[in-house]
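This report concerns only the one structure given below.
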Amino acid sequence: MSIYLKKFIAQKSYEKIVYFLRRDTIVFISQTILFIFLLAIPVGLYFFLQTTFPSLLTSPLFYPLLVLLASVYYLTVWIVFFTAFIDYYLDFWIVTNDRIINVEQRLFARTVSELELYKIQDVTGESKGFLQTMFNYGNVYVQTAGATERFTFEEVPRPREVASKIISLAEEDRKYHLKESHTNGGTV
Amino acid sequence: MTLSVFLIAYYVFLAFFILFSLFAIYHLARFVPPSSVAFFTTYIFLAGAAIVVFTTWQEVQLVDWTQSLFTLNPSL
């Protein structure tokens with residue numbers, strides 16, 4: 001895990017990783033089921049054509065065309081599945097005892113943003129819908145005091161537990177910064 | 001117009017597919033530290049793509065692509 005930190009952030013001497021979060025595995029499993037269904041569509045279509053229009057499958061014009069179309073379809077579904085996996089695997093959130101790092105991967109774009117824990121004002125964990133309630137995953141919203149938009153951990157496991165842990169970490173970090181500012185005689 | 005127009009369109013698609021695949025693999029290699037997950041997924045992806053292309057090639061290799069579309073189907 002520390003290899004991720006080395007790659008994305010300059011880890012401070014006192015910094016410890018508390019959470020390394022990705023979307024819940026169930027999210028990827030449900031995507032996989034959808035892709036398996038998509039891969040099965042041409043097979044169903046083939047049996048449909050075989051029973052209703054068998055001449056199409058022997059036609060010197062339509063047969064090569066159908067084969068090429070099926071190939072295009074399968075390769076498209078395959079690369080969409082691969083990029084969905086990359087999106088799942090490369091999107092993650094790191095919670096340390098000092099800050100939150102959000103790494104987001106999109107096609108042709110990658111965003112790394114971070115948030116100091118002591119700036120956090122409110123953290124909400126929510127599970128919406130049947131699947132999220134059943135498998136205990138959901139979103140965690142982190143609100144800061146500034147005008148910056150709120151941080152969202154999307155579809156992470158145990159959202160309420162993560163939210164309460166972030167609240168306690170933020171409280172500890174605030175105390176640390178207050179103590180430090182009193183020692184230095186300055187402000188936070 | 002011959003049947004090969006479909007094959008040319010397929011080759012154009014394959015070129016885009018290869019480009020996207022290289023980009024996706026580059027992303028995985030660039031942003032994920034060397035791991036068995038990254039290696040295994042890339043391997044599965046390349047193997048799956050190779051199977052699809054090979055099966056397609058096997059199915060269409062006996063097709064006479066020089067045939068005219070209009071001879072095959074006068075209604076076109």
Side-chain angles (χ1 to χ4, degrees), chain A residues 1-9 20 22 25 28 31-32 35-36 38-39 42-43 46 55-92 103-112, chain B residues 2-14 16-35 37-38 40-42 44-65 67-76:
Chain A
M1 204 176 287
S2 61
I3 199 159
Y4 276 105
L5 272 182
K6 280 176 191 159
K7 212 170 172 71
F8 296 108
I9 57 169
F20 180 86
R22 280 202 179 94
T25 319
F28 185 66
Q31 279 181 345
T32 307
F35 279 107
I36 290 170
L38 288 174
L39 290 176
V43 180
Y46 174 80
S55 58
L56 274 183
L57 297 176
T58 51
S59 157
L61 169 67
F62 286 106
Y63 180 70
L65 183 62
L66 287 175
V67 170
L68 293 181
L69 282 176
S71 181
V72 167
Y73 177 82
Y74 274 120
L75 288 174
T76 307
V77 169
W78 199 232
I79 196 150
V80 169
F81 183 50
F82 188 53
T83 47
F85 169 77
I86 291 174
D87 187 39
Y88 165 79
Y89 199 69
L90 293 182
D91 271 12
F92 54 83
V103 181
E104 263 186 86
Q105 176 70 51
R106 295 283 172 268
L107 199 63
F108 305 110
R110 185 170 180 79
T111 315
V112 180
Chain B
T2 63
L3 203 58
S4 63
V5 71
F6 296 138
L7 201 59
I8 292 164
Y10 182 70
Y11 285 150
V12 171
F13 168 80
L14 269 189
F16 277 107
F17 177 81
I18 291 167
L19 203 70
F20 263 76
S21 302
L22 287 175
F23 186 77
I25 292 168
Y26 163 77
H27 254 301
L28 208 57
R30 171 81 175 78
F31 296 114
V32 178
S35 67
V37 175
F40 179 73
T41 333
T42 310
I44 292 289
F45 169 70
L46 291 176
I51 288 169
V52 173
V53 173
F54 180 71
T55 312
T56 309
W57 174 74
Q58 273 207 320
E59 285 295 317
V60 299
Q61 64 172 330
L62 297 174
V63 174
D64 180 9
W65 297 102
Q67 287 182 85
S68 168
L69 281 175
F70 302 100
T71 315
L72 290 166
N73 188 352
S75 63
L76 286 174

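The sequence lines fix the lettering, A, B, ..., with proteins before strands; numbering per chain opens at 1.
- When all heavy atoms are compared, the tightest approach of B:His27 to A:Leu90 is O-CD1, 4.1 Å.
- Put simply, of B:Val63, B:Val37, B:Thr55, the one with the most heavy-atom pairs under 4.5 Å next to chain A is B:Val37.
- By the 4.5 Å heavy-atom criterion applied to side chains, A:Leu75 and B:Tyr10 are counted as neighbours.
- Looking at B:Ser21 and A:Phe82, their side chains never come closer than 4.5 Å, going by heavy atoms from C-beta outward.
- Heavy-atom minimum distance, B:Ala24 versus A:Ile86: O-CD1, 3.3 Å.
- The two residues B:Ala49 and A:Trp78 make their nearest non-hydrogen contact at N-NE1, 3.3 Å.
- Only the side chain of A:Tyr63 comes within contact range of chain B, with at least one heavy atom under 4.5 Å from a heavy atom of that chain.
- Within the 4.5 angstrom heavy-atom criterion, atoms from both the backbone and the side chain of B:Phe45 approach chain A.
- Just one residue in the list B:Leu7, B:Leu3, B:Asp64, B:Leu62 forms a side-chain contact (heavy atoms from CB on, under 4.5 Å) with A:Pro64, and that residue is B:Leu3.
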>> Run B:Phe6 and A:Val67 through side chain to side chain contact (heavy atoms under 4.5 Å, CB included) and show every step you take.
In response: CA-CA 11 Å; B:Phe6 296 138; A:Val67 170; over 6 Å; no

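- Taking chain A as the reference chain and counting heavy-atom pairs below 4.5 Å, the highest number among B:Thr41, B:Leu28, B:Val60, B:Ile44 is found for B:Thr41.
- Heavy atoms closer than 4.5 Å to chain B are found in both the backbone and the side chain of A:Thr76.
- At a threshold of 4.5 Å between non-hydrogen side-chain atoms, the residues A:Ile79 and B:Phe16 do not count as touching.
- The parts of B:Phe17 that come within reach of chain A are both its backbone and its side chain, each placing non-hydrogen atoms under 4.5 angstrom from that chain.
- Residues A:Ser71 and B:Thr56 share a closest heavy-atom pair of OG-OG1, 2.8 Å.
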